[in-house]
Amino acid sequence: MQLSVEISKYPLAEDYKGPIQAFIDQLAAEQGLLVITNTMSTQIFGDYDTVMQALQRCMRWSMEHYGKLVFVCKFIPGDLRP
């Protein structure tokens, strides 16, 4: 099954741009995903299991490296890429 995810990351720190870009870079390095960014969010497309495993790794990495933060996600079954 294909999955589309829209995710936004909000670091609870004054320096927020670096942690956001690092998270996007981590996602982009994952195999089997299409990652599209805009000024409001990041969109991720791919196989359900591939997307979920990549999100698990990248979110954990981000939390371990940057501490307190908020992720806001929308999960939509199917491939909704533009």
Side-chain angles (χ1 to χ4, degrees):
M1 174 171 73
Q2 293 296 300
L3 183 65
S4 300
V5 178
E6 181 178 70
I7 186 167
S8 297
K9 177 182 173 179
Y10 301 98
L12 301 178
E14 285 190 40
D15 174 29
Y16 60 90
K17 290 182 181 180
I20 291 170
Q21 187 60 55
F23 177 68
I24 293 168
D25 293 344
Q26 288 288 318
L27 282 172
E30 292 282 334
Q31 295 292 320
L33 302 181
L34 173 63
V35 178
I36 300 174
T37 60
N38 60 51
T39 57
M40 300 286 292
S41 65
T42 299
Q43 298 172 345
I44 306 155
F45 306 93
D47 175 73
Y48 179 91
D49 291 331
T50 303
V51 170
M52 295 303 288
Q53 290 167 9
L55 281 173
Q56 181 181 3
R57 282 190 296 274
C58 293
M59 289 171 71
R60 181 182 181 117
W61 178 88
S62 195
M63 291 175 194
E64 289 174 346
H65 282 82
Y66 296 106
K68 294 189 187 278
L69 48 92
V70 175
F71 285 104
V72 177
C73 305
K74 297 176 189 173
F75 297 89
I76 306 163
D79 185 345
L80 300 178
R81 70 182 82 190

A.B. asks: Got a sec, which hydrophobics cluster with I24, joining ILVMFWY side chains under 4.5 Å apart, including via others?
C.D. replies: Y16, I20
A.B. asks: Please examine the side chains of S62 and F71, heavy atoms only from C-beta on, and report whether any two atoms are closer than 4.5 Å.
C.D. replies: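 Yes, close enough: below the 4.5 Å cut-off.
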A.B. asks: Sorted by first residue and then second, give each salt bridge (charged side-chain N to carboxylate O under 4.0 Å, His left out) pair with at least one member in residues 11-34; sequence neighbours left out.
C.D. replies: E30-R57
A.B. asks: Could you list the residues that satisfy salt bridge (charged side-chain N to carboxylate O under 4.0 Å, His left out) with D79, not counting sequence neighbours?
C.D. replies: R81
A.B. asks: Which heavy atom in V51 sits nearest to a heavy atom in L3, and how many Å separate them?
C.D. replies: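 It is CG1-CD2, 3.9 Å.
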A.B. asks: Quick check: are there more than 12 heavy atoms from other residues, nucleotides or ligands sitting under 6.0 Å from CE of M1?
C.D. replies: yes
A.B. asks: Would a single hydrophobic cluster contain both M59 and F75, if residues Ile, Leu, Val, Met, Phe, Trp and Tyr are joined by side-chain heavy-atom contacts under 4.5 Å?
C.D. replies: yes
A.B. asks: Kindly indicate whether the side chain of Q2, heavy atoms from C-beta on, has any atom under 4.5 Å from the side chain of D47.
C.D. replies: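 Touching, per the 4.5 Å side-chain cut-off.
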A.B. asks: Quick check: are there more than 12 heavy atoms from other residues, nucleotides or ligands sitting under 6.0 Å from CD of Q56?
C.D. replies: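 No, CD of Q56 has 12 or fewer neighbouring heavy atoms, counting only those of other groups under 6.0 Å.
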A.B. asks: Decide whether V70 and M40 are clustered together by the hydrophobic rule: side chain heavy atoms of Ile, Leu, Val, Met, Phe, Trp, Tyr closer than 4.5 Å, transitively.
C.D. replies: no
A.B. asks: Just wondering, do M63 and F23 contact through their side chains at under 4.5 Å, heavy atoms?
C.D. replies: no
A.B. asks: Of all heavy-atom pairs between G78 and S4, which one has the smallest distance, and what is that distance?
C.D. replies: O-OG, 2.7 Å
A.B. asks: Check whether any side-chain heavy atom of V35 sits under 4.5 Å from a side-chain heavy atom of Q43, and report yes or no.
C.D. replies: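 Answer no - side chains too far apart.
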A.B. asks: Is the number of heavy atoms from other residues, nucleotides or ligands under 6.0 Å of Y48 OH greater than 12?
C.D. replies: no
A.B. asks: Identify the two heavy atoms, one from T50 and one from Q31, that lie closest to each other, and give their separation to 0.1 Å.
C.D. replies: CG2-O, 3.6 Å
A.B. asks: Hey, does F45 have a side-chain heavy atom less than 4.5 Å from the side chain of L33?
C.D. replies: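 With C-beta onward as the side chain, the pair stays apart.
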A.B. asks: I would like to know whether L69 and K9 meet side-chain contact (heavy atoms from CB on, under 4.5 Å); could you show each step before the answer?
C.D. replies: CA-CA 7 Å; L69 48 92; K9 177 182 173 179; 3.7 Å; yes
A.B. asks: Using the rule that Ile, Leu, Val, Met, Phe, Trp and Tyr join whenever any side-chain heavy atoms are under 4.5 Å apart, tell me whether W61 and M52 fall into a single cluster.
C.D. replies: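 Linked within one cluster.
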A.B. asks: Is any side-chain heavy atom of L55 closer than 4.5 Å to one of I44?
C.D. replies: yes
A.B. asks: Just so I know, are the side chains of I36 and P82 near enough to count as touching, which here means a heavy-atom distance under 4.5 Å?
C.D. replies: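 Contact flag for I36/P82 side chains = yes.
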